[in-house]
Amino acid sequence: MIGAKPAPEETQQCWSCGSMRAAHFCEACGKVQPPAPVDYFSFFGLPRKLNIDVAALDKDFYELSRKLHPDLSARAGSQEQEWSLQQSSRLNDAHRVLKDPIKRTQYLLKLEGVELEEQSKSATEKARATGQVKKQIVPPDLLEEVFELNIQLEELRMQKKAGDDDPALAVEIRQRQLDLEAKHEDLLDELKKYWAEWDALLDREQARAATSQERAHIRDQMLDVLNRRNYIRNLVRDVSEALGD
Ligand SMILES: [Zn+2]
């Protein structure tokens, strides 16, 4: 390819001074580089591991924020300023997702090709409005609890309709809600147990001592925890609504 000058984004050289460049800005001259299509982990130069040193991540974030800031007067109106805007916005997105334990796990699973259930509030409301049955499976360990809770909620609604008031029932439901919130918290610890397994697996993969089945297995476990967590979160929200919080 002698004589053909590659586009700047295809090179590893600074567009300005020709030095080897970092992903975002040139170590030699400080100029911002064109955005490269990398995932958030790569953006911060991190492996796809789930245990992250959040303090170090924050430190990198603030340092990069300064170096990529689009408002540096020297960059005004230039192509470099445009790149600064794009890089800064990507930096903010990457930082927001990676510093949050749940968002980070969801992001990793997406990178791994796992389809996550859409269980956001808007998705729930949309499903209700269209009368669509949401494919939400009750986690087996919650079957009994959910069954009893639903009976109590139904009772509460009927009482409200009839204008009756049963404080004892409300207290019972409130207690169930607290139990569910505690379970929701516990699931984060369970998730972190799988993080450790995932990170160890990546190390073994480097040594070619891990299988793709193992990889898929840990992914499935994490997905299961996330789905159970979402389920409980939605349930807690339904209870709050029923109690008139
Ligand atoms: Zn340079």
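Only heavy atoms go into these numbers, but all of them, side chains included; no hydrogens, no water, no symmetry mates. When a ligand or atom number is given, it counts from 1 through the structure's own listing order. What you are looking at is a predicted structure, and each value in this text was computed from that prediction instead of being measured. Numbers here are sequence positions counted from 1.
Ordered by chain and number, Cys14 SG, Cys17 SG, Cys26 SG, Cys29 SG make up the set of protein N, O or S atoms under 2.8 Å of the Zn ion (ligand 1).
Under the 6.0 Å distance and 45° angle rule, Arg48 does not count as a cation-pi partner of Trp198.
A salt bridge is defined here as a Lys NZ or Arg NE, NH1 or NH2 lying under 4.0 Å from an Asp or Glu carboxylate O, and Glu181 with Arg176 fails to meet this definition.
The hydrophobic cluster around Ile151 extends to Phe147, counting ILVMFWY residues whose side-chain heavy atoms fall within less than 4.5 Å of a member.
Side chain of His69 to main chain of Leu64: no donor-acceptor pair is present (N/O by atom type, distance under 3.5 Å, no hydrogens or angles).
A donor atom on one side chain and an acceptor atom on the other are found under 3.5 Å apart for Ser42 and Asp39.
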Practice task
For the pair Asn150 and Leu153, evaluate side chain to side chain contact (heavy atoms under 4.5 Å, CB included) and give the outcome as yes or no after the intermediate values.
Solution key: CA-CA 5 Å; Asn150 280 332; Leu153 287 176; 4.2 Å; yes
